[in-house]
Amino acid sequence: MTRSLCSIAAPGFDLGLTLNCGQVFHWRAQGAGWLGVIGEEPCYLEQQGDSLLVPAAMAEKVSTYLALDHDMAAIRATLPHDAAMQAAAAAFGGIRIIRQPFWECVATFITSAQKAVPHITQISHTLRQRYGRAVTYEGATLYAYPEPAALAALEESDLRACALGYRAKTLLKTARMVASGEVDLAHIATLPTDIALVELTRLSGVGEKVANCALLFAYERLDAVPIDVWIARILRGTYRKTRSNPAQLKAFAAKHFGPYAGYAQQMLFHHARTG
DNA sequence: TCCCAGGGGTGGG
DNA sequence: CCCACCCATGGG
């Protein structure tokens, strides 16, 4: 079965950059485009200049997922005019902070602790393949991220067999907290950001950094700034915050980068990593 | 081919 | 504030 594709406008958008800048880890290159899953739906995406080729039936869903509605001119206008920020924004203005499903995002970043992109991607694919729902796209089999209940039913050894190491214990505990309703990820979306952060950090394996990743990449809090070693390096070096601890770095980032500090973070992060 | 250091973080001491 | 926790990865 061939799915009909349609073209949607995506001016200034960079699909490859958006899917590979360290916010989402399961999209695979396929021909001239990318194959992945949005929630439970398999999807092929291909950039053609300032347009995006997407499955016709999914145009709306794709636009929301990729945050094509973000007003980048307005966002860019709020970013500070220092040299580092402007260089990062010029090079990586095609990035969009996407809207990921809550659980998929929280769980994936729990498995990302102390890991580089290839390994996070590999863990994601293994979990999906073993415990996620299989869906097909033109003959290719893809897998949705496993439901909380699917992981909650496992033993720690099952997750260790997916190369999670010490993350097996925390992911399992968190899956059980979410599956049982002890923590309600959808409810967290209704909370103010500071309260949402406290609630997210109740989950096992979710500290300040992972919680901020979830707030930024799933909960649409574009002012959230995950302070990881890369951003810490940039703030301590480029921005001369040599002796600041993570809390001080977070405060500086909020003040200096403003309401879209999360965008600033992502562009600087990618700039540093691909430096 | 094999070995070993060290890592985009968290939580407990 | 410090260190243990696991293990795929990549450099030597």
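To find a chain, count down the sequence lines: A is the first, B the second, and so on, and within it residues start at 1.
Looking at the side chain of A:Gln114, the nearest of the listed nucleotides C:dC6, B:dG8, B:dG7 is B:dG7. For A:Trp230, whose side chain is taken as the heavy atoms from C-beta onward, the closest listed nucleotide among B:dG8, C:dC6, B:dG7 is B:dG8. Here the side chain of A:Gln122 is nearest to one of B:dG7, C:dT9, B:dG8, namely C:dT9.
Base contact: A:Val117 has a heavy atom under 4.0 Å from a base atom. Residue-level contact check: A:Phe269 touches the bases, meaning some heavy atom is under 4.0 Å from a base atom. Note on A:Lys115: a base of the nucleic acid sits closer than 4.0 angstrom, heavy atoms only. Residue contacts for A:Leu159: at a heavy-atom cut-off of 4.0 Å it reaches no nucleic acid atom on any strand shown. Using a 4.0 Å heavy-atom distance criterion, A:Thr170 is classed as making no nucleic acid contact.
Atom CG in A:Leu164 sits roughly 16 Å away from atom P in B:dG9 (whole-Å rounding). When the P atom of C:dC7 is taken as reference, atom NZ of A:Lys169 falls 12 Å away, rounded to whole Å. Across the protein-nucleic acid pair, A:Ile110 atom CD1 and C:dC5 atom P stand 20 Å apart, rounded to whole Å. Nucleotide B:dG8 holds its P atom 13 Å from the CD1 atom of A:Ile234, rounded to whole Å. The interatomic distance linking A:Leu216 (CG) with B:dG8 (P) rounds to 19 Å, in whole Å. Taking atom CD1 of residue A:Ile231 and atom P of nucleotide B:dG9, one finds them 11 Å apart after rounding to whole Å. Atom-to-atom, CZ of A:Arg233 to P of B:dG7 comes out at 8 Å; the value is rounded to the nearest Å. In this structure, A:Ile227 places its CD1 atom 14 Å from C1' of B:dG9, rounding to the nearest Å.
Note: A:His70 and A:Tyr263 meet the aromatic proximity criterion, with ring centroids under 6.0 Å apart.
Rounded to a whole angstrom, the distance from the P atom of B:dC3 to that of C:dC6 is 22 Å. Nucleotides C:dC3 and B:dG6 have their P atoms positioned 15 Å apart, rounded to a whole Å. Nucleotides C:dT9 and B:dT10 place their P atoms 22 Å apart, quoted to the nearest Å. Taking atom P on both nucleotides, C:dC2 is separated from B:dG7 by 16 Å, rounded to a whole Å.
Taking the six-membered ring where tryptophan is involved, the planes of A:Tyr65 and A:Trp27 are tilted, since the angle between them lies from 30° to 60°. Note: A:Phe217 and A:Phe109 have parallel aromatic rings, judged against thresholds of 30 and 60 degrees for the angle between ring planes.
C:dT9 and B:dA5 make up a base pair, with Watson-Crick or G-U wobble contacts both under 3.5 Å. In this structure, C:dC3 and B:dG11 make a Watson-Crick or G-U wobble pair, each of the two defining distances being under 3.5 angstrom.
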| request: Start with the C-alpha gap between A:Arg128 and A:Glu104, add the side-chain angles, then the distance that decides, and say whether salt bridge (Lys or Arg N to Asp or Glu O under 4.0 Å) holds. | output: CA-CA 10 Å; A:Arg128 286 167 183 272; A:Glu104 178 178 327; 3.0 Å; yes
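In this model, a side-chain donor or acceptor of A:Tyr166 finds a partner on the base of B:dG9 within 3.5 Å. No hydrogens or angles were tested; on distance alone, nothing pairs the side chain of A:Arg167 with the base of B:dG9 as donor and acceptor under 3.5 Å.
Where A:Thr201 and A:Gln266 each meet DNA chain B at their nearest nucleotide, the meeting point lying more 5' is that of A:Gln266. Nearest-nucleotide assignment on DNA chain C puts the 5′-proximal partner with A:Asn245, out of A:Asn245 and A:His119.
Counting heavy atoms of neighbouring residues, nucleotides and ligands inside a 6.0 Å radius, atom CZ of A:Arg233 exceeds 12 of them.
Interatomic distance, NZ of A:Lys61 versus CD1 of A:Ile38, reported as 7.5 Å (0.5 Å rounding).
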